[in-house]
Number of protein chains: 2
Amino acid sequence: MLSEFKKYLSESLELPDQEIQPILSSAIPRKLRRNELLLQAGDVCRHKVFIVSGILRTYSISANGNEHIVQFSSEKEWTLDIESYDLETPATVNIAAVEPTDAILWKKNDFNALLASLPLLKKYSKQLISRKIYENRQRLLTAISATPEEKYDDFIRNNPHLIARLPLHMIAAYLGISLKTLTRIRHAQLYR
Amino acid sequence: MLSEFKKYLSESLELPDQEIQPILSSAIPRKLRRNELLLQAGDVCRHKVFIVSGILRTYSISANGNEHIVQFSSEKEWTLDIESYDLETPATVNIAAVEPTDAILWKKNDFNALLASLPLLKKYSKQLISRKIYENRQRLLTAISATPEEKYDDFIRNNPHLIARLPLHMIAAYLGISLKTLTRIRHAQLYR
DNA sequence: GCAAAGTATGGTCAAATGACCACGTTTTTC
DNA sequence: GAAAAACGTGGTCATTTGACCATACTTTGC
């Protein structure tokens, strides 16, 4: 599991070998089964998470028991409940594996030490956060302005690697539409 | 206009006087009339903006001509199109005054210099950005999970200082519901 | 490999929503 | 202060959406 992560560090971050070693030494590998929780709402999010393989979903359960998905994260992505992690407050969301997932965790202290000692890592982290901010604004705009069909088409366009791996009801829970509406859209698109 | 901003700096940021002066000296005051554009989609966002009084709205126009509001910003808040500002790419949103507004602008270079020389300002900026991230996630969650009525109630709860100053159609454009639905909700709430 | 769980689709029906239009009132602008 | 623009509400009607349920099929987990 760590060797793939090493590859990511050297290729995507272009980190030299001697900077990779300290990152590995505080890494905590973690295997998750389908539907296993990585973070439970109410707990404090104490780790940064990198996904080696698999998919995680970040979701919350509304008063009437419905699940709403804030985010999917898959291979070579990082995830956490940022608010809970920063402020050390109870998480309001759950993070669970959609499919069997290999992840790597770092404790907050360890990761902060890495950020302080590895400028390249820090720079890269900032970039990732910025990109997330831009993406989230776009997602919000779509959520308030697009029709269900546009939302679905958008999702396919932005997440081609996920469509075949996610059950439809999760896509619906991510888009904020009902499963029924989603299957109707798919049905309609068959004959066009 | 600048004196109110000075007060903000010393009270909210607790900046000592000698750190306030450099911020003021690169500040560009700007008065906006109702509906006047501060940033036009297509242009690059080249300024950080602080609002002394008034309200700005950040919005985009969809293909069919509808306006969708990404954000309202009012007194003592900062605003910009962060993606356009960071990457110096054409903005995809417009920023315009909802009511007559007094704002203060800084050029990116000037503001970056301030951030580099004033650690307190930098720290405060980071905090603001973090808070925005948390808020935006909550807003997204509401957008995909709440009923129109819940969205409206949420809006009132989170923006009590704005409700009386915004026309309903803008609130609708912010919530992603039609004006008709919004007036229906208000009507229903009268008799409860 | 097999039982159990999960998944995709479709039917039906009630309710919610939006598009369009009209009208009386309020606010803005000069 | 008067004309014009903007605003809030309501009516109607077609359409979309969701809730609930059933069924056939596929995937999962041991």
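Hydrogens, waters and symmetry mates play no part in the numbers below; they use all other heavy atoms, side chains included. In what follows, every chain begins at residue 1, and chains take the letters A, B, ... in the order their sequences are listed.
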Figure out the [atom1]/[atom2] separation between [X] and [N], and round it to whole Å.
X	N	atom1	atom2	answer
A:Ile171	C:dG6	CD1	C1'	15 Å
A:Asn35	D:dG29	CG	C1'	12 Å
A:Glu36	D:dT28	CD	C1'	16 Å

Working for side chain to side chain contact (heavy atoms under 4.5 Å, CB included), residues A:Val52 and A:Tyr8: CA-CA 9 Å; A:Val52 175; A:Tyr8 164 81; over 6 Å; no
Could A:Lys132 and A:Glu135 be called an ion pair, given the rule that one side-chain N must be under 4.0 Å from one carboxylate O?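 Yes, charged N to carboxylate O under 4.0 Å.
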Counting distance only, does the side-chain N/O of B:Thr101 pair as donor-acceptor with the main-chain N or O of B:Ile55 below 3.5 Å?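 Yes: the side chain of B:Thr101 pairs with the backbone of B:Ile55.
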Is it the case that the side chain of A:Lys48 and the backbone of A:Trp78 share a donor-acceptor pair, with hydrogens and angles ignored and the cut-off at 3.5 Å?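 Not a single qualifying donor-acceptor pair exists.
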Kindly confirm or rule out a cation-pi arrangement of A:Arg57 over A:Tyr174, judged by NZ or CZ under 6.0 Å from the six-membered ring centre and within 45° of its axis?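 Judged by the rule, A:Arg57 and A:Tyr174 form no cation-pi pair.
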For every nucleotide of nucleotides 7-21 of chain D, 5' to 3': is a protein heavy atom under 4.0 Å from its base (B), only from its sugar-phosphate (S), or from neither (-)? SSBBBB----BBB--
